[in-house]
Amino acid sequence: MVTLKEINTIDELIDRVFSYNPDADFDLLRRAYMFSREAHQKQIRIEGSPYIEHPLAVASILTEMHLDTTTIAAGLLHDTVEDTPVTVDEIREFFGEDVSFLVDALTKLSRMEFKTSEEAYAENFRKMFLAMAKDLRVILIKFADRLHNMLTLEYLPETKRHRIARETQEIYAPLANRLGIGWLKTEFEDLGFKALMPEAYEDLVHKVAKKRDEQEGYLNEVVEIMHDKLTEMSIPGKIYGRIKHYYGIYQKMQRQKIPFEQIYDVFALRIITDTNANCYALLGLIHSLWTPVPGRFKDFIGAPKSNLYQSIHTTVIGPKGEKIEFQVRTEDMHRIAEEGIAAHWKYKEQGAVAKKDDKYFAWLRDIVSQSQKDTHNAKEFLETVKGTIFFDVVYALTPNGDVIELPYGSTPVDFAYSIHTAIGHQCTGARINGKIVPLRYTLRNGDTVEIMTTTGHHPSKDWLKFVKTHRARTRIKQWLKTKEREEAIEIGKGLVDKELRKHDLSPSLAKSKEILDIAKSYKINTYDDMFLSIGYGKVSPHQIVNKLVPEEEKTGKQPQKATKATEDRGIKIKGIDDIMFHRSKCCYPVPGEKVLGFVTRGRGVSIHTADCPNLDAVAVDKDRLVDVEWSTNSDMTYTVRISAYTLDKPGVLADLSVVISSENVNIHNIVSSATHEKRAYIDFTLEVKDKTQLDKLLKKITQVSGVIDVKRIKTA
C-alpha cells in the first residue's frame, strides 16, 4: 500500500502546498481550517479523536494529488454544512462561489433520504456523476474523504464496514482507475480486500513478503544486467522493482484458479527513460537479452488507454528460466500513470481543466448526457455508468485505422453501434482482419473490423444475449420496444374490430368518441394507448366494446372481474381485469416476497420475484410490467424447489423427510444424485404457505446431521 505522509497541523499542510505551488492562496487555507475547527469543535470521531483530524486528513490527501487551494479548502470544509449548523450561504459569504459549490455538491450527496437502501445507493452515485460532469473536483474530494474513511474502517461495526468496503471496491476503485489515478485505485482495492477478507489478505501479505526475500537476489541480478546495458548504449533510465498490489494478485489467483506459488509475475521491473524513442529502444534491448513470452506484449504508448495511461509491457524468460515482467515508460507517462487526472489539472486558481486536455474528460459529460436521455431512474443510471466506464477494454480498428475503445468481451455488433446507430441496426455480418466471423465473435486487441450492412435489416432480440456496451443494448431495446408497440397496436385494433363485428357493430366505432370515453374510464387517454393496452392484454376488448352494446342485446350476467378471481387465488393484479396469470417457474415466488407481473402474449400475466434476473431479459418494454401483491388468503400453498448438499450416507434422506414433514410442508417430488466425493445433491419440490415458513424450514434443514448446505432453487 502507498504510505501517506501524515499531516497534523495547518502549518504542515501549508508547507506541503508550498512545495508544489509557491503562489497558492495560503490565507484561504488558514481561514478554511480555522472555520472548520470552530464548526467541529464539539464533535469527536468514533475512535475518540477530535473531528477536525478528519477534514485535515482529507486536505492532506488532496495535497498528495497536488491540487489547487480551492479544492483543498473545500476538503477542509466538506463536512461543515452536513454535520454542523453552518449553511451553504455562510460558506459562500466567507469563501466564495467555487468553494461553496464544491461543499454544497458534497453535502447533497449525504443528505438525500430514500425509501430503500438500494435506491439511496443508486441515487447517490447519480448525483455524484452529475456533479462531476460540472466540476471534476467533486470526485477528487470524495476520493480523499473515502480514502481516509477506509484507513480508519476498523472502528465501525462489521455490517457497515463491509458495506463501505464493498462499495469502495465496486465503484470508487474502478472510477479512480478510469480517471487514471493508479495509486488511489490500488489503495481502494487493497483496503477493501483487507476489510472484506482479512484472513486471505494477511495470508497473501505473508506469502508476498516471503517471496520477496527469496527473489531479492534474483531481481538485483536482473537490475544489474539492465543497468550495465543502459550505460553501454548510453540510454538514460532508472530501474525500479515493484510488487503488484495484493488484490490484483488475489484476483489473478481466483481468475486462473491457481495457488499463489504459481503466480510468476508478483514482482516486475519498471524502467523510466526520457523519450518515446528510447522506450522502444529499451524494448528492443530487453527482447535481445531474453526471449519474450508470446501474447504478453502490450504497447500502450502507440495505443494509450482511455484513462491516458501509456507504457510498454512485456514479459520475458529471464535468467535461470524465470519469467519476469518489464514496464517501460517516460517520466511524463509515469506521472500520468500515478496521478491521472491530477497530472492534467491546470487549475492554478481558475477552476477548469486546460483546454488542450479537455478532450480527455469529454467522456464523462457524454456518459452523463446520454445516460440521462436513455435512463429513467437512478438504478438504471448507475448500471449505465458501470457498464460504460467500469471495465477492462479492448482496442479495435476501423478499416481506416481509427481506434475504437470497447469493453472487454465486446462483439462486432457493439463495434457497429459505436460507429452509428444506423450501422448497428443494419449490421448483418463482420470481417475481422479480412475473415468473416459470427456476430457473437469476441473482439481482441488490434482487430481490424469491417461491418457488413443490409438496407432494411433490423436488430434481433437475440443480440441482447451477447452485446456488452450500454449503447448497443439501449439502441436495440429502443428499436424492439418501438416495433413491439407497433405490433401490439395492430393486434389491439384487430381484436377491437373482431369484438365489434361479433356484436354487429360498425368497425368505424373503433375510432369513435364513444369508445374513447369508455377507454378513459380505464385511465386510457388515446386511441393508440387503448389498442396498445388491448394488444398487451392489460384490457380485454370485451370490457371496452361491451359497454357500447345496448342493454336489451346483452344476455346473461356480466362476467365477474378477474381482480376478485385473482384475489381468491392469492394474487392481486393492480388495474387489470379479466386476465389470467401464473407464477413463473424461473423463480417460484411465494407470499412474503416482493413480486412484479409481466404481461405476456397469450399466457396472461407472469408473476416473478422483483429481483428475478429474467425480468431484465424479458422486460424490453417497461409498459408490460404491472404491480402485483399477495392477497391475505392463508389457505393456499405454493410450489418451491430446494436443494440440499449432503454427505452420501444412509439415513440422510429419511432425516430430511422427517424434518420437512414436521413443519407441515408437503413433499411433492424428490430427485437425488451422488457425486464422486461421497457427497450427494437431494432436490425437493415442496408446497409451502409463505416465505416465513420456507425460511424456517431451510434453517432447520441446515441443522440436520450430514447436511453441508441447503439453498433454494430459482431456475426452471
Side-chain angles (χ1 to χ4, degrees), residues 55 57-79 81-82 98-112 121-150 164 167-189 191-192 306-309 336 338-347 351-354 357-358 360-369 371-372 378 381-382 384-386 388-391:
V58 169
S60 172
I61 293 168
L62 294 171
T63 65
E64 294 277 354
M65 301 186 218
H66 290 189
L67 293 176
D68 63 296
T69 51
T70 299
T71 310
I72 298 168
L76 287 166
L77 298 162
H78 77 279
D79 277 338
V81 176
E82 178 186 352
D98 277 359
V99 173
S100 68
F101 168 78
L102 295 173
V103 174
D104 188 34
L106 291 159
T107 302
K108 286 176 179 175
L109 296 181
S110 305
R111 281 193 169 175
M112 293 177 290
Y121 180 80
E123 182 63 18
N124 257 307
F125 284 103
R126 189 179 77 86
K127 292 287 188 183
M128 185 172 73
F129 275 92
L130 294 176
M132 281 169 58
K134 189 170 182 180
D135 193 323
L136 278 162
R137 290 176 293 183
V138 172
I139 192 59
L140 299 180
I141 300 170
K142 194 70 178 173
F143 278 160
D145 179 47
R146 176 52 60 104
L147 179 56
H148 187 244
N149 286 336
M150 289 295 291
I164 292 173
E167 182 181 272
T168 300
Q169 281 196 334
E170 291 179 357
I171 302 293
Y172 285 95
L175 184 53
N177 182 56
R178 186 61 176 84
L179 292 171
I181 311 176
W183 71 269
L184 195 55
K185 176 246 188 189
T186 297
E187 282 288 289
F188 282 150
E189 288 188 337
L191 288 168
S306 56
N307 62 5
L308 317 182
Y309 177 90
I336 291 169
E338 292 302 305
E339 299 175 20
I341 188 176
H344 286 261
W345 217 257
K346 308 300 182 185
Y347 264 126
V353 178
D357 291 325
D358 187 60
Y360 293 123
F361 310 111
W363 60 269
L364 177 61
R365 287 186 292 276
D366 290 344
I367 288 169
V368 171
S369 173
S371 298
Q372 285 181 292
F381 179 90
L382 180 58
T384 296
V385 173
K386 288 170 74 172
T388 305
I389 70 171
F390 301 160
F391 51 65

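Only heavy atoms go into these numbers, but all of them, side chains included; no hydrogens, no water, no symmetry mates.
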* To do: In sequence, state the C-alpha distance, the side-chain angles, and the governing distance for Q169 and F188, and then conclude on side chain to side chain contact (heavy atoms under 4.5 Å, CB included).
  => CA-CA 6 Å; Q169 281 196 334; F188 282 150; over 6 Å; no
* To do: Step by step, work out the side chain to side chain contact (heavy atoms under 4.5 Å, CB included) result for L102 and V138.
  => CA-CA 6 Å; L102 295 173; V138 172; 3.8 Å; yes
* Given the rule in the side chain to side chain contact (heavy atoms under 4.5 Å, CB included) test, do I72 and T63 qualify, once you have shown the distances and angles that lead to the verdict? -> CA-CA 7 Å; I72 298 168; T63 65; 3.7 Å; yes
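Contact detail for W183 and L147: the closest heavy-atom pair is CZ3-CD2, 3.8 Å.
Counting heavy atoms from C-beta outward, I141 and L67 have side chains that stay 4.5 Å or more apart. Within the 4.5 Å cutoff, side-chain heavy atoms of I164 are placed close to those of R146. At a threshold of 4.5 Å between non-hydrogen side-chain atoms, the residues M150 and Y172 do not count as touching. Here the side chains of E64 and L184 are not in contact, with every heavy-atom distance at 4.5 Å or above. Using a 4.5 Å cut-off on side-chain heavy atoms (C-beta onward), D98 and R137 make contact. Contact annotation: the side chain of L175 approaches that of F143 to within less than 4.5 Å [non-hydrogen atoms, C-beta and beyond].
With sequence neighbours excluded, the residues forming a side-chain contact (heavy atoms from CB on, under 4.5 Å) with A57 are H148, listed by chain and number.
Side-chain contact, T71 with D68: a donor N or O sits under 3.5 Å from an acceptor N or O.
Of the inter-residue distances, the one linking I336 atom CD1 with Y309 atom OH reads 11.5 Å to the nearest 0.5 angstrom.
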